[in-house]
Amino acid sequence: MTPTKIVLDENDMPKKWYNVQADLPTPLDPPIDSKTMEPVTPDALAAIFPMEVIKQEVSSERYITIPEEVRDIYRIWRPSPLIRAKRLEEHLKTPAKIYYKWEGVSPAGSHKPNTAIPQAFYNMKEGVERIATETGAGQWGSALAFATSFFDIECTVYMVRASYDQKPYRKSLMQAWGATCIPSPSNLTEAGRAVLKKYPNTGGSLGASISEAIEDAATHSNTNYSLGSVLNHVCMHQTVIGLETQKQFEMIDTYPDTVIGCVGGGSNFAGMAFPFARDKYKKTHPDTEIVAVEPMACPTLTKGLYEYDYCDVAGLTPITKMYTLGHDFMPPAIHAGGLRYHGDSPLVSKLVKEGVIRAESYHQTEVLEAAVTFARTEGHVVAPESAHAVKAAIEEALRCKKTGEEKTIVFNNSGHGNFDMTAYDAYFDGSMIDYEYPLELIQQALKRLPKVNQR
Ligand SMILES: *Cc1c(COP(=O)(O)O)cnc(C)c1O
């Protein structure tokens, strides 16, 4: 009998991150500076990022050593368990085996500290005294607050006003770790003041908060900026998830047939998927199905275009080749706040384009239904974001039931839902609405993409 919980020894924690850029058949298209319309130079990034992070962003080395100081903090919750969802399998009466990698064991409750810790560490090494960032639902802000507390770095988090008012406990968590959490737009920055002048009562947006945090970092010499998803180095830091998972499957002489993760900016998915993509490229396991799951209300990979676009609403950030719904696409206010992004990680986008990964999308009601089934069989109450992966795993297990296939399915369970109970409430009281974004609106937004001469 295989064990329910497959646990690694602390010493089996990966010593290196895996960089999928080393195995791409063709390199990524470079990000373009929106002012010069030329590829972004490292110098332009040095105003807000540490040099080591910039190097990792463009590195083509296959493996990059995880600093011992970072591994030492990872040890608080890593290696995270790989758990067999036996009771869910029995409930579904499927011949498939379902496993999940449980990232909800981190102190912040999600996978996000896997990158927050190294980012804080590299900033400390380079003498940075304060980091500014933005947060939507509060998950990234709390992860960075947790991380900076180890390195005596101040942390300023611009939190989207609507979430700040609706989810006060994420703000409390940031405070507990010593960070300052400011409702955004604020009157502390030019960008914030400009938005407030136009819309005095606005609930804010992620785009506006990004602009505030970048301005704060760019205008204070002791302050850097930090991003919790999308970028190449963030995806690479998350590969501890997939590398551990592979070792855990080795312990039970198994290799999964289907690998699943939810996608917002793409980081937790990339962390699970890229080591398996490596084995597809190497042809040691060419047939693994790798599935990215997104909300029907924000269908970047399933309905967007693979084109150059801005990463933020205001058009301040570099122009990046990725799947996009258009930078002024305003996704409806779904409960999985972490999955409301018009674009996607350039690396995840490229692998989808190349057919290494396929994408699926689901409505939030069926996603929450899956989350409740999971809570009632496996016990863990998962984040609404993670519930998208639960839903896709259940669908795959039910397909196996029809065909009789005994596939091994694994999904990344990116975080717990202990601060997200309003989503469960909305599901239980029947007030949850499903949105399918009208194709015409996506097509209109896609007409406003920036023009880049592709070389
Ligand atoms: C932030 C978050 C996500 C979405 O972000 P990615 O970068 O796509 O991983 C998913 N799940 C949880 C629990 C999160 O906190």
Side-chain angles (χ1 to χ4, degrees), residues 83 85 87-94 98-104 109-112 136-140 160 162-163 166-170 206 260-266 268-269 272 291-303 331-341 359-399 401 409-437:
I83 303 175
R87 291 171 184 83
L88 177 62
E89 291 168 17
E90 282 161 19
H91 172 81
L92 299 172
K93 300 190 173 62
T94 175
I98 306 173
Y99 290 85
Y100 63 96
K101 179 71 165 165
W102 184 218
E103 290 294 306
S110 76
H111 64 286
K112 290 198 170 77
Q139 287 152 322
W140 170 242
V160 176
S163 308
Q166 282 161 15
K167 300 189 180 176
Y169 294 131
R170 279 277 166 198
L206 201 57
I260 296 170
C262 69
V263 176
N268 90 86
F269 171 77
M272 174 58 105
V291 185
V293 193
E294 59 185 15
M296 202 80 95
C298 189
T300 316
L301 297 174
T302 46
K303 293 197 181 142
I334 52 167
H335 286 275
L339 305 187
R340 286 179 73 231
Y341 184 52
E360 292 180 353
S361 62
Y362 294 99
H363 279 304
Q364 61 176 348
T365 307
E366 57 185 349
V367 163
L368 261 290
E369 183 186 16
V372 170
T373 300
F374 192 77
R376 291 179 184 174
T377 50
E378 292 297 315
H380 290 298
V381 173
V382 304
E385 290 85 359
S386 322
H388 286 73
V390 175
K391 172 64 182 169
I394 289 178
E395 285 300 308
E396 181 66 17
L398 291 176
R399 271 194 290 274
K401 185 175 170 176
I409 301 165
V410 64
F411 69 92
N412 190 36
N413 202 342
S414 53
H416 69 60
N418 297 1
F419 294 99
D420 304 296
M421 297 315 290
T422 45
Y424 285 80
D425 282 347
Y427 173 73
F428 289 128
D429 71 21
S431 65
M432 186 170 268
I433 299 165
D434 283 336
Y435 306 88
E436 186 157 3
Y437 214 82

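What's counted below: heavy atoms across the whole structure, side chains too, no hydrogens, waters or symmetry copies. Worth saying up front: this structure is predicted, and the values here are computed from it rather than measured.
What you find for Gln139 and Ala383 is that their closest heavy atoms are NE2-CB, 4.3 Å. When all heavy atoms are compared, the tightest approach of Ala370 to Val390 is O-CG1, 3.8 Å. Nearest heavy atoms, Leu339 versus Pro295: CB-CG, 3.6 Å. Of all non-hydrogen atoms in Tyr100 and His380, the two that sit nearest each other are OH-CD2, 3.2 Å. When all heavy atoms of Asp429 and Ala426 are compared, the closest pair comes out as OD1-O, 3.1 Å. Here the shortest heavy-atom pairing between Leu301 and Ala359 reads CB-CB, 3.7 Å.
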Between Met272 and Val410, does a side-chain contact (heavy atoms from CB on, under 4.5 Å) hold up when you go through it step by step? CA-CA 10 Å; Met272 174 58 105; Val410 64; 4.0 Å; yes
Test Tyr341 against Thr300 for side-chain contact (heavy atoms from CB on, under 4.5 Å), laying out the working first. CA-CA 8 Å; Tyr341 184 52; Thr300 316; 5.9 Å; no
What do the steps show when you test Glu294 against Thr302 for side chain to side chain donor-acceptor pair (under 3.5 Å), and what is the final call? CA-CA 8 Å; Glu294 59 185 15; Thr302 46; 2.6 Å; yes
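Residues Lys167 and Phe419 fail the side-chain proximity criterion, which asks for heavy atoms closer than 4.5 Å. Looking at heavy atoms from C-beta onward, Val381 lies out of side-chain contact with His416 at the 4.5 angstrom threshold. Considering only heavy atoms from C-beta on, Ile260 comes within 4.5 Å of Val293 through its side chain. Looking at heavy atoms from C-beta onward, Lys101 lies out of side-chain contact with His111 at the 4.5 angstrom threshold. Tyr362 places a side-chain heavy atom less than 4.5 Å from the side chain of Glu395. Using a 4.5 Å heavy-atom cutoff, the side chains of Phe428 and Val372 are in contact.
Not a single donor-acceptor pair under 3.5 Å links the side chain of Ser361 to the backbone N or O of Met296. In this structure, Asn413 contributes its side chain and Glu103 its backbone to no donor-acceptor pair below 3.5 Å. With Thr94 contributing its side chain and Leu398 its backbone, the two residues share no donor-acceptor pair below 3.5 Å. Judged by distance alone, with hydrogens and angles left aside, the side-chain atoms of Lys401 form a donor-acceptor pair with the main-chain N or O of Leu92 at under 3.5 Å. Gln364 contributes a side-chain N or O that, together with a main-chain N or O of His335, makes up a donor-acceptor pair within less than 3.5 Å. Between the side chain of Asn268 and the backbone N or O of Cys262, at least one donor-acceptor pair lies under 3.5 Å. Here the side chain of Ser386 pairs no donor or acceptor atom with the backbone of Val382 at under 3.5 angstrom.
To the nearest 0.5 Å, atom CD of residue Glu89 and atom CD1 of residue Ile394 are 11.5 Å apart. Going from atom CH2 of Trp102 over to atom CD1 of Ile83 covers 8.0 Å, rounded to the nearest 0.5 Å. Rounding to the nearest 0.5 Å places OG1 of Thr365 at 3.0 Å from CG of Asp434.
Other residues, nucleotides and ligands contribute only 12 or fewer heavy atoms inside 6.0 Å of the CZ atom of Arg87.
In this structure, Tyr99 has its ring center at least 6.0 angstrom away from the ring center of Phe411.
For residues 371-389, there are no salt bridge (Lys or Arg N to Asp or Glu O under 4.0 Å) pairs, not counting sequence neighbours.
Checked for salt-bridge contact, Glu436 and Lys303 meet the test: a charged N lies under 4.0 Å from a carboxylate O.
Thr422 and Gln166 form no side-chain donor-acceptor contact under 3.5 Å, judged by distance and modelled atom types alone. Checking Ser414 against Asn412 by side-chain atom types alone, no donor-acceptor pair falls below 3.5 Å.
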